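Chain identifiers are assigned alphabetically (A, B, ...) following the order of the sequence lines, protein sequences preceding nucleic acid strands; residue numbering begins at 1 within each chain. What you see is a predicted model; the values in this text were computed from it and never measured.
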Amino acid sequence: MTIRTHYCGELRPTDVGSQVTVCGWVDTRRVHSEHLAFIDLRDHTGIIQCVVDEKLDLRSEYVVAISGTVRTRFKGKSNEKLDTGEIEIGDCDVQVLSVAEPPPFPMHERTEVDENIRLRHRYVDLRKPRMQKNLRTRAKVNSSIRASMEKQGFIEIETPMLIASTPEGARDFVVPSRLHPTNFYALPQSPQIFKQLCMVGGLDRYYQIARCLRDEDLRADRQFEFMQLDMEASFVSQEDIINFVTEAVKDATETVSGSRPSDIPRMTWLEAMERYGSDKPDVRFGMELIDMTGIFEGTEANVFKVSCVKGILYKGGSDVLARNAIDALTEKCQNWGAKGLAWFRVGEGGGLEGALTKFMSEEEISEVQNCLSAESGDMVLMIADERKVVNHVLGLLRLEIGRPPVHSGELEFLWITEFPLFGDVGENGQPIPAHHPFTMPLEEDLEKLDSAEGDEYLAIRSQAYDLVLNGWELGSGSVRIHSPEIQSQIFAILGIEKDEAQEKFGFLLDAFRYGAPPHAGFAFGIDRLTAILSGEENIREVIAFPKTQSGSDPLTNAPTLLDAGHLEELGLRLTPPST
RNA sequence: GGUCCCGUGGUGCAGUUUGGAGUGCACGCCGCCCUGUCAAGGCGGAGGUCGCGGGUUCAAAUCCCGUCGGGACCGCCA
């Protein structure tokens, strides 16, 4: 076997004169005749030109070992595009290690290839510099996070993949039990309960780069399986957790990008919802939501006779948005839950123009324009509805119109704090937890727990916090309840009976009876962080073998049917899907 | 559960609005020529179930219905 002496991309003019052996795949070939051919040999470090002066049948993607002498290229023949462009390998002895069929798609990266085809031949796709770079970036993120957590006193602990299903949260993936027919394991949505048990177990500071699985619909930033930095610490506050995570994220970012992010600003959940209509605001651009409810008190215009009116200013939008584009936006707003979209152009003279102006007073028109500082050529887009709907729809509209690609510009990390304890109030008047039922309320809101009724519950804040990057939710965490009294009270408010609580979370509640330290934790998505640090819009680009949006794998054809014997052994019988 | 975009030789696209012979472009592939190229160049050639099924029509890549696959999003993701 030929022994490799150098990587292709690492040869430099200082190596001139050396006898070397490089190994890799044949990239581009420039064959002049049987007397002269230039072979670009590629490995994960880059490309080196090899000069071959005999008749050789070398095709694209053949795997070869080339031994020869490093030499300076002829005068004026160097290639500035390559790091190895001043040199080449001559007097080549070429050993073909594997022949290859022509690749199923171009190996150069000038054209985007259909996702299905890329994934079916992922082993070829992975050879491209883009995927090589991304997966190596991912490895750097992983290792720097490990180093950062250990530097901060955390120890890595593995938790099981086959666990009990819990009813709360995302849909579980389940695994049938052969030894316990009719019983199923669940795959973990996160190691949430185990890490809290680790705290009761006195492990003090736990971390894990954990695989999590959720059977929910896939998106650009969501796969069935994803990796999180999962962590939990005892005897700490929200402030400590934010500092731990900030340090880890900064360390990882610095390792990848070479520059350390500055301090991460904070915003309360309420402020984020009001200014950006989102709990993961993309603060790289403006177009903030402006409250105009006051302007329309006592209005004659029926569309504005609602509890909340807000608008955004689309600078220069009047020239960009033709009538059919506005109609398309209106339709989107309706799909998102609004009744419609109120829109105005700012005309040459500086006045609002639009179908709704005839129902509005002069004063209303001028106040709308003034509060947005709208100028000629701008577009005013407004939603009128309940506050929750207005913020939601206007937040989505803002992204639709103004959002830059997720990786462009600066890295805008942002902490969102003071999440509400309850996300909604059910029809029976009982609140529904926003995070999970072990989330600690904010100290100053504790007494509201006693007196609140109905929608008042929604104003109770919690010690839950999210980390956001360029409009993507990187992760979330909370201070956990360790007091049995508060936990009982929360269960009571949620309408969870003692028996039910014992059934659902019994082992955790049992554990807490044996001496639980105050603890808090966090988890953030490594795929998402890596994607943004890699300049990618989609986490599939930083995952070696991802699934398609429909959850299948074109490479292995997963998911597949099981044969009858296999099902029999597991005690399973299939029913045809209802149509 | 829903909305939208895409599907045409191996790859990426144009052609679809306004139906008229599988027409075109670029890359790749095969063969020949070529001793300094680097997205090499020149000449020649092969390669097609226009995703699939049905309908309308004298005639469908093109219009209609359904379906499959890929992508983006809403819901969902405590």
Side-chain angles (χ1 to χ4, degrees), chain A residues 27-41 47-54 57 59-61 73-82 84-85 88 90 101-121 124-125 166-172 189-190 192-193 212-224 226 328-329 331-338 392-393 395-397 399-400 403 419 421-424 431-439 462 464 473 476 478 494 504-505 525 537-538 540 547-552 554:
Chain A
D27 203 71
T28 54
R29 302 161 294 144
R30 295 172 293 281
V31 181
H32 285 256
S33 70
E34 60 186 56
H35 306 292
L36 177 66
F38 298 94
I39 306 296
D40 284 343
L41 192 67
I47 279 172
I48 181 73
Q49 172 168 289
C50 304
V51 184
V52 175
D53 56 7
E54 57 185 319
D57 191 25
R59 304 293 171 112
S60 187
E61 297 306 304
R73 292 195 186 185
F74 291 4
K75 198 168 185 183
K77 301 294 184 185
S78 58
N79 182 349
E80 290 171 6
K81 291 182 202 162
L82 292 179
T84 59
E88 63 191 13
E101 291 179 18
F105 41 74
M107 293 303 289
H108 65 73
E109 298 183 304
R110 298 186 296 278
T111 50
E112 289 279 322
V113 179
D114 182 81
E115 198 77 23
N116 202 16
I117 294 163
R118 287 181 64 196
L119 293 183
R120 189 180 308 146
H121 303 277
V124 177
D125 193 49
T166 50
E168 312 296 316
R171 198 176 292 113
D172 285 325
Q189 299 167 24
S190 80
Q192 180 62 38
I193 292 187
C212 305
L213 299 106
R214 295 178 189 172
D215 187 3
E216 300 290 349
D217 287 1
L218 286 66
R219 291 287 157 76
D221 61 349
R222 278 159 43 182
Q223 284 270 308
F224 284 155
F226 58 100
L329 285 178
E331 203 173 316
K332 280 189 173 165
C333 289
Q334 286 166 342
N335 281 333
W336 293 330
H392 174 66
V393 175
L396 290 173
L397 184 63
L399 294 176
E400 179 75 23
R403 184 176 200 176
F419 270 68
L421 189 61
F422 306 107
D424 209 345
I432 297 160
H435 192 54
H436 59 55
F438 313 111
T439 305
S462 70
E473 180 195 318
S476 58
S478 63
L494 295 174
K504 285 180 175 174
F505 315 110
E537 286 284 291
N538 194 303
R540 287 191 301 271
K547 304 274 189 292
T548 66
Q549 193 166 62
S550 68
S552 58

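At a cut-off of 3.5 angstrom, counting only N and O atoms as typed in the model, there is no donor on one side facing an acceptor on the other between the side-chain of A:Arg214 and the base of B:C77. In terms of polar N and O atoms assigned as donor or acceptor, the side chain of A:Gln49 comes within less than 3.5 Å of the base of B:U37 in a complementary pairing. Contact of A:Asp217 with B:G75 (side chain to base): a donor-acceptor pair of N or O atoms is detected under 3.5 Å. A donor-acceptor contact under 3.5 Å is formed by the side chain of A:Arg219 with the base of B:G75.
Looking at the side chain of A:Pro102, the nearest of the listed nucleotides B:G70, B:C29, B:G75 is B:C29. Counting only heavy atoms from C-beta on, A:Trp336 has its side chain closest to B:C73 among B:C73, B:G1, B:C38. For A:Thr548, the side-chain atoms get nearest to B:G71 when compared with the rest of B:G12, B:G71, B:C74. For A:His35, the listed nucleotide lying nearest its side chain is B:U35; candidates were B:U3, B:G12, B:U35. Listed nucleotides: B:G12, B:G75, B:A39. Nearest to the side chain of A:Arg110: B:A39. For A:Thr28, whose side chain is taken as the heavy atoms from C-beta onward, the closest listed nucleotide among B:G75, B:G36, B:A40 is B:A40. Side chain of A:Val113, nearest nucleotide from B:U11, B:U37, B:G69: B:U11.
OP1 or OP2 of B:C33 has not a single side-chain nitrogen or oxygen of A:Ser33 nearer than 4.0 Å. Residue A:Asn538 places at least one side-chain N or O closer than 4.0 Å to OP1 or OP2 of B:A72. At the phosphate of B:A72, OP1 or OP2 sits under 4.0 Å from a side-chain N or O atom of A:Arg540. For A:Arg222 and B:A72, the shortest distance from a side-chain N or O to OP1 or OP2 is not below 4.0 Å.
The same atom, C1', is picked in B:G41 and in B:U35; the two are 13 Å apart, to the nearest Å. Comparing the P positions of B:G48 and B:G70 gives a spacing of 26 Å, expressed to the nearest Å. When the C1' atom is used for both B:C25 and B:C64, the distance is 31 Å, rounded to whole Å. As rounded to the nearest Å, B:C34 and B:C43 have P atoms that lie 16 Å from one another.
For A:Glu216 and A:Arg222, the salt-bridge test fails: no basic side-chain N is under 4.0 Å from an acidic carboxylate O. Under 4.0 Å is where a charged nitrogen must lie from a carboxylate oxygen, and between A:Lys77 and A:Glu88 no such pair does.
Between A:Gln49 and A:Arg73 the shortest side-chain heavy-atom distance falls below 4.5 Å.
Aromatic stacking is marked for A:Phe38 over B:U37, as both cut-offs hold: 5.5 Å for the centres and 30° for the planes. By the criterion of a centre-to-centre distance under 5.5 Å and near-parallel planes under 30°, the ring of A:His108 forms no stack with the base of B:A39.
Spacing between atom NZ of A:Lys81 and atom P of B:A39 amounts to 4 Å, rounded to whole angstrom units.
Heavy atoms of A:Asn79 sit under 4.0 angstrom from at least one base atom.
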